[in-house]
Amino acid sequence: MKNAVAPVKNVVHLATIGEALRSRDPGVPGIGVISGKTGDGKTTAAAWWRNQVDAVFVRAVAVWTPSSMLGAIMRELSMEPRG
């Protein structure tokens with residue numbers, strides 16, 4: 001059996017928004033946030049999109065400070081966070 005993600009509404013919506021992020025004008029921030037109820041398929045859709053376009057996926061943590069959020073993004077980009 002082949003693993004596949006069904007093109008359900010949330011996957012199609014994420015792909016549309018992801019394309020808008022990828023084709024944004026220079027100088028426009030390129031960070032997207034996905035939110036919704038538990039079980040809506042956010043993580044599955046985000047993982048699928050990340051694999052399609054070689055994007056970075058970082059799961060937010062409620063206790064993050066701005067510095068710890070940036071550190072998590074940098075680690076995902078294989079960069080060493082600095083103080």
Side-chain angles (χ1 to χ4, degrees):
M1 180 181 219
K2 191 174 187 180
N3 288 337
V5 175
V8 294
K9 184 171 49 174
N10 63 339
V11 172
V12 173
H13 187 64
L14 179 61
T16 302
I17 292 170
E19 278 304 320
L21 281 169
R22 290 183 71 207
S23 62
R24 69 192 183 280
D25 290 331
V28 175
I31 295 178
V33 176
I34 304 166
S35 66
K37 292 183 261 177
T38 302
D40 280 349
K42 300 175 299 294
T43 301
T44 301
W48 171 80
W49 179 250
R50 174 193 63 210
N51 291 331
Q52 298 301 305
V53 298
D54 194 28
V56 174
F57 174 73
V58 179
R59 186 181 296 236
V61 179
V63 295
W64 269 354
T65 62
S67 178
S68 59
M69 179 189 79
L70 291 174
I73 294 169
M74 289 183 71
R75 281 187 293 280
E76 188 64 28
L77 292 168
S78 299
M79 299 171 73
E80 191 62 37
R82 293 190 270 173

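All values reported here derive from a predicted model rather than from experimental measurement. Side chains are part of it too, since the values below use all heavy atoms of this structure and drop only hydrogens, waters and symmetry mates.
- Applying the salt bridge (Lys or Arg N to Asp or Glu O under 4.0 Å) rule to Glu19 yields the partners Arg22; only residues at least two apart in sequence or on another chain are considered.
- Under the side chain to side chain donor-acceptor pair (under 3.5 Å) criterion, Thr65 pairs with Ser68, not counting sequence neighbours.
- A pairwise comparison of heavy atoms in Phe57 and Ala46 identifies CE1-CB, 3.4 Å as the closest pair.
- The two atoms that bring Lys37 and Lys42 nearest to each other are O-NZ, 2.7 Å, heavy atoms only.
- Cluster membership for Val53 and Ile17, using ILVMFWY side-chain heavy atoms within less than 4.5 angstrom, is not shared.
- The hydrophobic cluster containing Trp64 also includes Val56, Val58, Val61, Val63, Met69, Leu70, Ile73, Met74, Leu77, Met79, under a criterion of side-chain heavy atoms closer than 4.5 Å among ILVMFWY residues, counted directly or through chains of members.
- With hydrophobic clusters built from ILVMFWY side chains whose heavy atoms lie under 4.5 angstrom apart, Ile34 shares a cluster with Trp49.
- Note that the OG1 atom of Thr44 and the CG atom of Leu14 stand 11.0 Å from one another [nearest 0.5 Å].
- Without hydrogens or angle criteria, Asp40 side chain to Gly36 main chain gives no donor-acceptor distance under 3.5 Å.
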